[in-house]
Asks: 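My structure is below; once you've seen it, I'll send some questions.
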Amino acid sequence: MKPKVFITKPIPKDVLDYISRHASVDVWESEGPVPEQVLRGKLPDAEGLLTSGLRVDGRLLDLAPRLRVVSSISVGYNHLDVAELARRRIMATHTPGVLDETVADLIFGLILAAARRIPELDHYVRAGRWKAGSQEHLFGIDVHHGVLGIVGMGRIGEAVARRAKFGFGMEILYANRTRKPEAEAELGARHCDLNELLEQADYVVLMVPLTEQTRQMIGAEQFARMKPTAVFVNASRGQTVDEQALVEALRNGTIRSAGLDVFAEEPISGDHPLASLPNTVLVPHIGSATAKTRYDMAKLAAQDLVAALQGRRPAHPLPELRSLLEDNLPG
Ligand code: DGY
C-alpha cells in the first residue's frame with residue numbers, strides 16, 4: 001500500500017503527479033492556512049507532510065503518530081520544531097540553493113526602491129502631483145559605489161554581494177559567525193563585527209536564519225549605531241528585528257528608510273505602523289516568488305519527501321537532523 005501524504009498548499013500539477021505515483025495524496029487546495037479541524041482529520045494517517053509555513057511542533061506531531069517525514073517548501077525552517085522532530089525521529093527537509101538568485105534579485109530591488117524612493121514617487125506621479133520645476137524634493141541617494149553590509153553571509157548574501165560588487169561597484173562588508181574566504185577573494189568582501197558593519201554601511205541587509213540567537217538581534221541599540229542615511233533591508237524573518245524599534249528609528253530619522261519582505265506577524269494589515277510611514281518599501285514575503293523558482297522548490301521538496309518515504313537519503317535534510325540518517329531513516 002502506498003504511504004499517505006498530506007500537502008498543505010496547492011503545488012504544480014506535475015509535481016503533484018510525481019508524488020501521486022509514489023504515495024496516496026491529499027491536498028489542501030486553498031492558499032489560506034489549513035483549518036485545525038482539517039489537520040485533525042488528515043494527520044492521523046499521514047506518513048509524509050509537504051508544507052511551507054505550517055507550524056510543526058509537539059502539539060501538531062501528537063496528531064500525526066505515523067509521520068516519518070516533513071518536507072518544507074522553503075529554505076527557512078523556523079516553523080519546524082527541530083528538537084521535537086529529532087526526539088520523535090522524524091526526518092525533515094528544506095529547499096536550499098534553488099532560490100538564492102531569486103531572493104537576491106528581490107533584495108536588490110528593495111535596496112534600489114528604498115534608495116531612489118521608487119514606490120513613493122510612483123504614487124506621486126499617479127496622483128498628478130508632478131509639476132515642472134525643481135526636483136530637489138524628489139532626490140534619493142546613490143546605490144552605486146556605496147558600502148553594503150551583509151549580516152548573515154550565506155548563499156543568498158553572497159548572491160546579493162555579487163550584484164553589488166559587479167553591477168554597482170559597491171564595497172562589501174559582512175558579519176558572519178564564520179569567515180568566507182571565497183567571498184573575500186572573489187568580491188573583496190571584508191569580514192567585520194556587527195557593530196562595525198552597522199556603523200560603516202550605507203545599506204544594511206539582514207539575511208540571518210531565525211534562531212534563539214538571532215531573534216530580535218536588531219533593535220534600538222543597533223539602529224542607533226547605523227548612519228542616519230542608512231537603508232535597512234530585511235528579507236530573512238521579521239522576528240530577527242524589534243519591529244517597534246524599527247518604526248521608531250524610521251519615524252525619528254535614526255535611519256533613512258527600510259525595504260522589508262518580512263514582518264514579525266504575517267500577513268500585516270494596511271494600518272500596520274510600518275505601512276503608515278513614507279520611508280518604507282513593503283512587499284508581502286515574496287523573496288522566492290517567481291513561477292520558476294517556486295516550481296523548483298516544490299519539485300525539490302517533493303523529491304526529498306518521496307526519497308525519505310522510500311527509505312532513501314533525502315538530498316536536503318535539515319542540518320540538525322542529519323544524524324538521523326546515520327542509522328537508517330526512521331520508520
Ligand atoms: C524561504 O524559503 O524561507 C523564504 O522565506 C522564501 O521567500
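These figures come from a predicted structure and were not determined experimentally. Atoms within each ligand, like the ligands themselves, are counted from 1 in listed order.
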Asks: Applying side-chain hydrogen bond (donor to acceptor under 3.5 Å, both in side chains), can you list everything that pairs with Asn279, at least two apart in sequence or on another chain?
Replies: none

Asks: Please say yes or no: joined through hydrophobic side-chain contacts below 4.5 Å, possibly via intermediate residues, are Val5 and Met297 part of one cluster?
Replies: yes

Asks: Which value, rounded to the nearest 0.5 Å, describes the distance between Leu274 atom CG and Ile268 atom CD1?
Replies: 6.0 Å

Asks: Go through the structure and list residues passing salt bridge (charged side-chain N to carboxylate O under 4.0 Å, His left out) with Glu184, not counting sequence neighbours.
Replies: Arg179

Asks: Just wondering, more than 12 heavy atoms not from Lys4 lying within 6.0 Å of its NZ?
Replies: no

Asks: Within the protein, flag every N or O under 3.5 Å from an N or O of ligand 1, and note the pair and distance.
Replies:
unit_1: ligand 1; atom_1: 2 (O); unit_2: Val75; atom_2: N; d: 2.8
unit_1: ligand 1; atom_1: 3 (O); unit_2: Val75; atom_2: N; d: 3.4
unit_1: ligand 1; atom_1: 3 (O); unit_2: Gly76; atom_2: N; d: 2.8
unit_1: ligand 1; atom_1: 3 (O); unit_2: Arg237; atom_2: NH2; d: 2.7
unit_1: ligand 1; atom_1: 5 (O); unit_2: Arg237; atom_2: NH1; d: 2.8
unit_1: ligand 1; atom_1: 5 (O); unit_2: His285; atom_2: NE2; d: 2.8
unit_1: ligand 1; atom_1: 7 (O); unit_2: Ser288; atom_2: N; d: 3.3
unit_1: ligand 1; atom_1: 7 (O); unit_2: Ser288; atom_2: OG; d: 3.4

Asks: The criterion is ring pair (Phe, Tyr, Trp, His ring centres under 6.0 Å); which residues satisfy it with Tyr18, sequence neighbours excluded?
Replies: His22

